[in-house]
Structures are given as structure tokens and as C-alpha cells.
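A quick write-up on the structure given underneath.
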Amino acid sequence: MSLQKLPASPILSPAARAGHIAVERALSDLRAGRPVRIAADGAAALVLGAEALDAEAAAGLAAFAPLRGRLVLAGPRLARLGAARAEAGAVALPGFDPERVETLALRIDARLDAPVLAAGPLDIAALELLRLALVLPAAVIAPLEDGQTGGDALRVEAHDILAHRATEVRGLRMVGRAPVPLDGAPETEFVVFRGGEGLRDQVAIIVGRPDLARPVPVRLHSACLTGDLFGSLKCDCGDQLRDTVRGMAAGAGGILLYLDQEGRGNGIANKMRAYKLQSQGYDTYDADELLGFGLDQRRFDFAAAMLRQLGVTAVQVFTNNPEKIAALTAAGLEVVSDHRVLGRSTPQNMSYLAAKRDRAGHRIDLDTMQAG
Ligand SMILES: Nc1nc2c(ncn2[C@@H]2O[C@H](COP(=O)(O)OP(=O)(O)OP(=O)(O)O)[C@@H](O)[C@H]2O)c(=O)[nH]1
Ligand SMILES: [Zn+2]
């Protein structure tokens, strides 16, 4: 099959499309610090990211729900605050006190100061929306009474939020492609897809002319601004990126998927929050948990969909991360072999690499890595 012949991407139903668009607009509002109105099971509430709660926003929410607010926190954050639970929950906010909200949502020495209530479907959808918006997963909720509209806040349904990631995969489509010769890989084409994960586009970088009738060398590479672009010593991403492209160019070609999953899918702002915590002694996973994230937010089903749209059915995967291999296999691609991709070890990235090995099962052998 030729790389030029692309299968058409599936079309969403009108209802799914309307819901999808509402979620995209809601993400934009939340990122700008504006509340959105989420409805679930006949209930509705105004929802704002905890990081956007200042005195003015608090007064705005209090006008709708003066005494009945709540702060919804993710399971890992609640556990860090001392709660005996692993799942998301809420604490009552009798007023919308920005200082208390910041303490409970972000500070490292904070402890719970109120009982934890079970999180309902609206709360779960609010957290998911904040994760999709790449802001801190802590939701300030102002429940609306029957008949209260929530002013001009954008309206979104909880079920559309929860369906968003799957809808993104179904709506994934190619939007542009062009040759971009690279240093060390002169015959290279960039193919841009819209949809998937994150808030920007995904890029498939086709190096050389891989034979699609045979297993194609493939790397799924999550964006890392600090490592890929600036050569940060804190991780191994830049080396992995460049070494893989050069290796594909020197061999029979291959495809590198550059995925909009900065900070393991948490976004650059949360990654910097996590880096700050790491400078205070937490490892890469503990830091994410303190912020309310699980071990890894990323999904790779849309990466498999990108490969399929490019005509790939069987792959040789370049990764140390068993989750990537499992995800491609689960998505129906034949993973014929897997290969490790080792960058340099530096004094600054040793503990990061060791944490990936010990806590997330990455196949990293620090002794065989080249010191940088
Ligand atoms: N949250 C968080 N993300 C990080 C940190 N350090 C690096 N990252 C991100 O981790 C991701 C690493 O991506 P990859 O190298 O593709 O993935 P990997 O899981 O390490 O797997 P392989 O490299 O394929 O073995 C990038 O999105 C980085 O931005 C960190 O300390 N915290
Ligand atoms: Zn990195």
C-alpha cells in the first residue's frame, strides 16, 4: 500500500459532534479561568479549576451558591492529604476561600481539615475536564438550584466529557503533510493529524521509505519541551528522539509519532509544578501524585489509529515502556518485536530513570547506558 493512499477517518454522529465541540469550548474556557456549567443526572453546577480561584472568581461563584460549594480532589491528592481512600472525593466549601482551596489542592504540607464526601458523576466529569484542559485536577464546584441557569457559563454534559477521549480517537484525521528534510535524515515527511490527546496536533514523521508490507520500525514519542528542544539533563528524551530518527534513516526507514503528551499527558504547567516538587526531594511519580495525577495519564490508542491511517499493520516498536507495547497490541496492531531506546545517563537524570524502572516497570538498565 502506498503512503499516499489514506483511508478516510470515521465521521462522528451529529449528537456526538455537538457534545465534542461543547467539551472543546469548555476546555478553552477553563484554561482561561472562566467557570463552565456541567450537567449530570438532572443536577447542574458551575465548575472552575482550583488554580483559577481568586477573590473575584470566588465572589462570582458565591453569588450562585453562597453556602453549598465543594472542592473535588483526585484520589492520589486526597491520599496525600491523609484520607483513607484511593478514589476521588469532595470536601465542603462553606465559602469559596481561595487560600484554603490552594492549600488543599496544592501545598505539600497540607492535611485534610474536613470530612471527605463521595464524588458523584458531576464531580468525576469535572476532574476529567480539568485533566483534559491540562490544568491542576482540583475542581471548585458551585451547585445550581433548579431554575438557576448559571449565567452565561458555557454548558456541557458530563457524559460528553467522559466520552471525549474516545471521541477524539474516532475523529482523528490527517490535516496536512509535507517533506521536511532533517539533519541526519534527509528523506523525511511530516504528516499532521488532528485529534487524539492533548490540545495540539499530533505528528507522524515518516523517515525514509519504510516498506509497509513488512513490520515497520516505529517509535511513539511523547512531547518533552525541556528535553527534546532544549537538551534538558533531567530526562533522556532528546537523545531518544534524535537517535531514533537517525537510526531509522540509516536503516530501512521507519515512523516516529510525535505525540502531544507533554509531562506524561499532564501538560507543561503541571510538569513544572512536578519539577519544583522534585527539587524538594520527591521522585517523578510522587510529585505527580501530590498534584492529583495517577502514575501515567497517557493513552496510546490514538497512536495506533494514526499508524493504521498510514497503512501500518505490523510494527517493530522502539521503547522501554511496556505500556506502549501493550496499548498497540490491544489496539489490534501486530507487534513483531520491541527494542530498547537508551539515551545518556546524567547525574541529573539517574533518579528519574531509576524511578521509571522501579515504579513503572520500564526496561532500563542503568549500567549499560552511556554516561553523558
Ligand atoms: N509528569 C512528568 N512528566 C515527565 C517528567 N519527566 C519527563 N516527563 C515526560 O515524560 C514523557 C516521556 O515520554 P517518552 O520518552 O515518549 O515515554 P516513556 O514513557 O519514557 O517511554 P520510552 O521513552 O518509549 O521508553 C514526556 O511527555 C516528558 O515530557 C516528570 O518528571 N514528570
Ligand atoms: Zn524529557
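Atoms within a ligand are numbered from 1 in the order they appear, just like the ligands themselves.
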Under-4.0 Å salt bridge between Asp365 and Arg357 = no
Taking NZ, NE, NH1 and NH2 as the nitrogens, is one of them in Arg299 or Glu168 under 4.0 Å from a carboxylate oxygen of the other?
-> no
Does a side-chain N-to-carboxylate-O contact under 4.0 Å join Arg200 and Glu262?
-> no
Do Arg264 and Thr284 have side-chain atoms, one donor and one acceptor, less than 3.5 Å apart?
-> yes
Is any side-chain N of the basic residue among Glu289 and Arg359 closer than 4.0 Å to the acidic one's carboxylate O?
-> yes
Check ion pair Glu189-Arg209 (N to O, under 4.0 angstrom) = no
Taking the side chain as every heavy atom from C-beta outward, state whether Arg37 and Gln148 have any atom pair closer than 4.5 Å.
-> no
More than 12 heavy atoms of other groups within 6.0 Å of Met272 CE = yes
Taking the side chain as C-beta and beyond, is there a heavy-atom pair between Leu225 and Lys271 under 4.5 Å?
-> no
Would you please write out the protein residues whose heavy atoms approach any atom of ligand 1 to under 4.0 angstrom, listed by chain and number?
-> Arg219, Leu220, His221, Ser222, Ala223, Cys224, Gln240, Gln261, Glu262, Gly263, Arg264, Asn266, Lys271, Tyr275, Gln278, Thr284, Asp288, Arg298, Thr319, Asn320, Asn321, Lys324, Tyr352, Lys356, His362
Listing by chain and number, what protein N/O/S atoms are under 2.8 Å from the Zn ion (ligand 2)?
-> Cys224 SG, Cys235 SG, Cys237 SG
